[in-house]
Amino acid sequence: MPNGTIIIQFYDIQTNNWAYSDISNMSQRGVVSGYSDGSFRPNNPISREEFAKMIAVTFSLDLNAVEDVTYSDVPSDRWSYQYIAATKEYLTGYYPPKGLASLIRNRMLPEKM
């Protein structure tokens, strides 16, 4: 492990958890950081702002190149604003999806018999 690497250990993720190594890896790379109380909350759904951070950090999107973007539901002083603005071409947050990373729900479900 390189010098200066911070290992974050979440109190609600044990070493025998099926996702422990992946969560630890993402934590070391800054993709996830958990919550201020030291938890990771593995059973919680991922919010749009959390997912935006994961995409922005994973793909090294430039957070400083964010233009003035106005979102009615995301104030510019929100912790996630730069991440959401940086991923605006990838995530729209609306259905039907129009972003580059959209998933078509109907294609994921088995056909009715």
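Note that these values count all heavy atoms, side chains included, but never hydrogens, waters or copies made by symmetry. All residue numbers refer to positions in the sequence shown, counting from 1.
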With sequence neighbours left out, the residues meeting side chain to side chain donor-acceptor pair (under 3.5 Å) with Asn25 are Arg29

- So, does Ser24 use its side chain to make a donor-acceptor pair with the main chain of Tyr20 at under 3.5 Å? yes

In the single-linkage hydrophobic clustering (I, L, V, M, F, W, Y; side-chain heavy atoms under 4.5 Å), do Tyr90 and Ile46 co-cluster?
yes

Report task. Could you please spell out the steps behind the side-chain contact (heavy atoms from CB on, under 4.5 Å) verdict for Tyr83 and Leu61? Result -> CA-CA 8 Å; Tyr83 299 114; Leu61 299 180; over 6 Å; no

Gly34 and Phe10 have their tightest heavy-atom pair at CA-CE2, 3.6 Å

**Study point:** Trace of the side-chain contact (heavy atoms from CB on, under 4.5 Å) decision for Ile55 with Phe51
**Key:** CA-CA 6 Å; Ile55 294 291; Phe51 190 59; 3.7 Å; yes

Crowded around Phe59 CZ? As in, over 12 foreign heavy atoms under 6.0 Å?
-> no

Per side chain to side chain contact (heavy atoms under 4.5 Å, CB included), Ser33 is matched among Glu50, Met26, Lys53 by Lys53

Shortest non-hydrogen pair, Val74 vs Ser80, comes out as CG1-OG, 4.5 Å

Across all chains, not counting sequence neighbours, the side chain to side chain donor-acceptor pair (under 3.5 Å) partners of Ser39 are Asp37, Arg41

Tightest non-hydrogen contact, residues Val32 and Ile23, listed as CG2-O, 4.0 Å

Hydrophobic cluster membership, with links at side-chain heavy-atom distances under 4.5 Å among I/L/V/M/F/W/Y: are Trp79 and Leu63 in one?
yes

Output for pair (Ile13 CD1, Phe40 CZ), nearest 0.5 Å, gives 6.0 Å

